[in-house]
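Shown next, in structure tokens, is the structure this report addresses.
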Amino acid sequence: MHQCDPQPAINREHVFALVDGNSFYCSCERVFHPSLIGQPVIVLSNNDGCAISRTDEAKALGIKMGDPLHLIKHIVARHRVRVFSSNYALYGDMSARMMHTLAQFTPHMQVYSIDEAFVSLDGFARDGLTEYARTIRAVVRRDTGIPTCVGIAPTKVLAKVANRVAKRRTGSGGVLNMCDAATQDEILDSLPVEDVWGIGARSAATLGTHGVRTAKQLRDHDLDHTQRLLTIVGRRIAMELRGQSCLPLQMIQEARKQIISSKSFGRPVRELDEMLEAVANYVTRAAEKLRGQHSLCHHVTVFVQTNRFQNVPQYYNSGAATLATGTASTVRIIQAAHQVLRGIFRAGFKYTKAGVMLADIRPASAPQFSLFDDQQAHARDATLARTVDAINTRMGRDTLKVATCGTTQAWGMNAKMRTPCYTTRWQDLLRV
DNA sequence: TCTGGGGTCCTAGGACCC
DNA sequence: TCTGGGGTCCTAGGACCC
């Protein structure tokens, strides 16, 4: 019996609302630059590489998600597209405000990503759902300045569909209620199957060879066959399209099972010394996150790579080390990562990217020491890290750091069009 | 010159054990 | 020619998401 098989004995009706910020990063920029309203705006990925957020006006100019900036320069110039480097401190803070506002409506919500949340509307009167969603939208707009759309449906997958259609249909007022069967039929029939949440290009191609091209066709396809094609994941999606909820609201944010810090360099790196410095910085970020969720890691992976888009000598390598005792100590993890790096680094290449992954993550509350461990040393590590974190929280990131992180970071990333951190740094507060 | 970063889940297959 | 069977654990790779 599959865990998502229908359970007629219970047959509880759910209602999910998916609230999703429109062009979220661009909208954050607009909050602090009202002159951007009505203008084409894009926000770039790290190193000012690709467009990762676009307003409707920018989309209308043909700018696609992930388009490299240097390939759309002509559009940007001709139509005076306003371009911003990404400012994650600002977006993270705006996200927190949006989620805080949503939480005032119900404690039953799941923060799904930086710009969207599932909200449970179980138990609300069916005929008041759309109006209630309009209220939620209006309050988020009023209290944060962020425009949103809301999709309402009996399952998460359908709520995703409803949200997507609400964004596209002007006249929907930003809200679409897909609770009734007739609306579901109509919308799923006109939705390409690859636009369903969880169906990517590969799955869509597989389904296409069996004549399944729309969301409605996937919904009505034989479930066992769908599972043979797309594993249990596909079966769940198909069931959700039928209105049978298999993806529950996850209100608790579980601790991360892996933590990655990887970035392209602002310019190519050739020397081991610079690479050691970069890796030390990446470990510093990852270890901060690790301590932030009160975990220890037992495994660290390091990788280095050259520019895969250029016709130059290519090199990629990765290596890993196991930490006999779990640790969240920046110093200890840097030591391990540096040892791995020395093993995989080859001189003579122009490296453009490196990264660090922490894995085999376990709670710090129950550390397991090996027989020969110096437990007092680990306790000292923990105390040191706590002190450093406290100072950096108060005085700013990297006020205190490990010496191998260097001071110049000449390899660091570019962000030439970054707006100030209006909400998270005193010196960047708006003056009125 | 210039092409993101950080996650999750599932499955298959190998190693190992009894 | 025939070469056990069943279980667990781990890892790599695929697919997808925002």
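Letters go in sequence order (proteins before strands), and every chain restarts at 1.
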Item to check | A:E254 CD to B:dC9 P, straight-line distance once rounded to whole Å | outcome: 9 Å

Next on the checklist: Side chain of A:S203 only, heavy atoms from C-beta on: which candidate in C:dC16, B:dT3, C:dC17 is closest?
Outcome noted: C:dC16

Checklist entry - Does the side chain of A:R236 get closer than 4.0 angstrom to OP1 or OP2 of B:dC10 through an N or O atom? => result yes

Checklist entry - Just checking A:V356: base, sugar-phosphate only, or nothing, at a heavy-atom cut-off of under 4.0 Å? => result nothing

Checklist outcome for this item: In Watson-Crick or G-U wobble terms, with both distances under 3.5 Å, the base opposite B:dC18 is C:dG5

Item to check | Exercise: do A:E29 and A:T419 side chains pair donor with acceptor under 3.5 Å | outcome: yes

Checklist entry - Touch check for A:D67, heavy atoms < 4.0 angstrom, all strands: base, sugar-phosphate only, or nothing? => result nothing

Next on the checklist: Ring centres under 6.0 Å, that's the criterion: do A:W197 and A:F16 meet it?
Outcome noted: no

Checklist entry - Of the candidate nucleotides B:dT11, C:dC18, B:dG4, which contains the atom at the shortest distance from the side chain of A:T231? => result B:dT11

Item to check | Nearest-nucleotide comparison on DNA chain B, the residue closer to the 5′ end among A:Q250 and A:G66 | outcome: A:G66

Checklist entry - To the nearest Å, how far apart are A:Q314 CD and B:dT3 P? => result 12 Å

Checklist entry - For A:K353 and B:dG4, what is the distance between atoms NZ and C1' respectively, to the nearest whole Å? => result 7 Å

Checklist entry - Would you say A:S261 reaches B:dG5's phosphate, i.e. side-chain N/O to OP1/OP2 under 4.0 Å? => result no

Next on the checklist: Can you confirm whether or not the ring centre of A:F84 sits under 6.0 Å from the ring centre of A:H33?
Outcome noted: yes

Checklist entry - Given B:dG4, B:dG5, B:dC10, which nucleotide is nearest the side-chain atoms of A:K263? => result B:dG5

Next on the checklist: Taking the minimum atom-to-atom distance to the side chain of A:D115, which one of C:dC18, B:dG6, B:dC10 wins?
Outcome noted: C:dC18

Next on the checklist: Does the structure show a Watson-Crick or G-U wobble partner for B:dG13, both distances under 3.5 Å? Name it, or say none.
Outcome noted: C:dC10

Checklist entry - Under 4.0 Å between a side-chain N/O of A:K257 and OP1 or OP2 of B:dG6, yes or no? => result no

Next on the checklist: Just to be sure I understand the rule, does A:S86 reach a base, reach only the sugar-phosphate, or reach nothing, if contact means heavy atoms closer than 4.0 Å?
Outcome noted: nothing

Checklist entry - OP1, OP2 of B:dG5 versus side-chain N and O of A:K289: anything below 4.0 Å? => result no

Next on the checklist: Just to be sure I understand the rule, does A:K160 reach a base, reach only the sugar-phosphate, or reach nothing, if contact means heavy atoms closer than 4.0 Å?
Outcome noted: sugar-phosphate

Next on the checklist: Need one value for A:Q310: base, sugar-phosphate or nothing, where a base atom within 4.0 Å counts as base even if backbone is also close, heavy atoms only.
Outcome noted: sugar-phosphate

Checklist entry - Taking the six-membered ring where the residue is Trp, are the ring centres of A:H210 and A:H221 under 6.0 Å apart? => result no

Next on the checklist: Please classify the nucleic acid contact of A:R267 as base, sugar-phosphate, or nothing, using heavy-atom distances under 4.0 Å.
Outcome noted: nothing

Next on the checklist: I need the CE-C1' distance between A:M413 and B:dC2, as an integer number of Å.
Outcome noted: 15 Å

Checklist entry - Do A:T183 and A:E186 have side-chain N/O donor and acceptor atoms under 3.5 Å apart? => result no

Checklist entry - Are any of A:S264's side-chain N or O atoms less than 4.0 Å away from OP1 or OP2 of B:dG5? => result yes

Item to check | Euclidean distance for C1', C:dG4 against B:dC16 (whole angstrom) | outcome: 16 Å

Checklist entry - Closest heavy-atom contact between A:M251 and A:P107? => result CE-O, 3.3 Å

Item to check | Selection from B:dG7, B:dT8, C:dC18 that lies nearest to any side-chain heavy atom of A:Q258 | outcome: B:dT8

Next on the checklist: Using the side-chain heavy atoms of A:R256, tell me which of these nucleotides is nearest: B:dT3, B:dG7, B:dG5.
Outcome noted: B:dG7

Checklist entry - B:dG4 C1' sits how many Å from A:F303 CZ, rounded? => result 11 Å

Checklist entry - In whole angstrom, what separates A:R202's CZ from B:dT11's P? => result 17 Å

Checklist entry - In whole angstrom, what separates A:L358's CG from B:dT8's P? => result 12 Å

Item to check | Nearest-Å distance for atom pair CD1/P, residues A:I199 and B:dC9 | outcome: 18 Å

Next on the checklist: Can you tell me how far apart NE2 (A:H79) and CD1 (A:I63) are? Round to the nearest 0.5 Å.
Outcome noted: 9.0 Å

Checklist entry - A:I259 near the nucleic acid: base, sugar-phosphate alone, or nothing, with a heavy-atom cut-off under 4.0 Å? => result sugar-phosphate

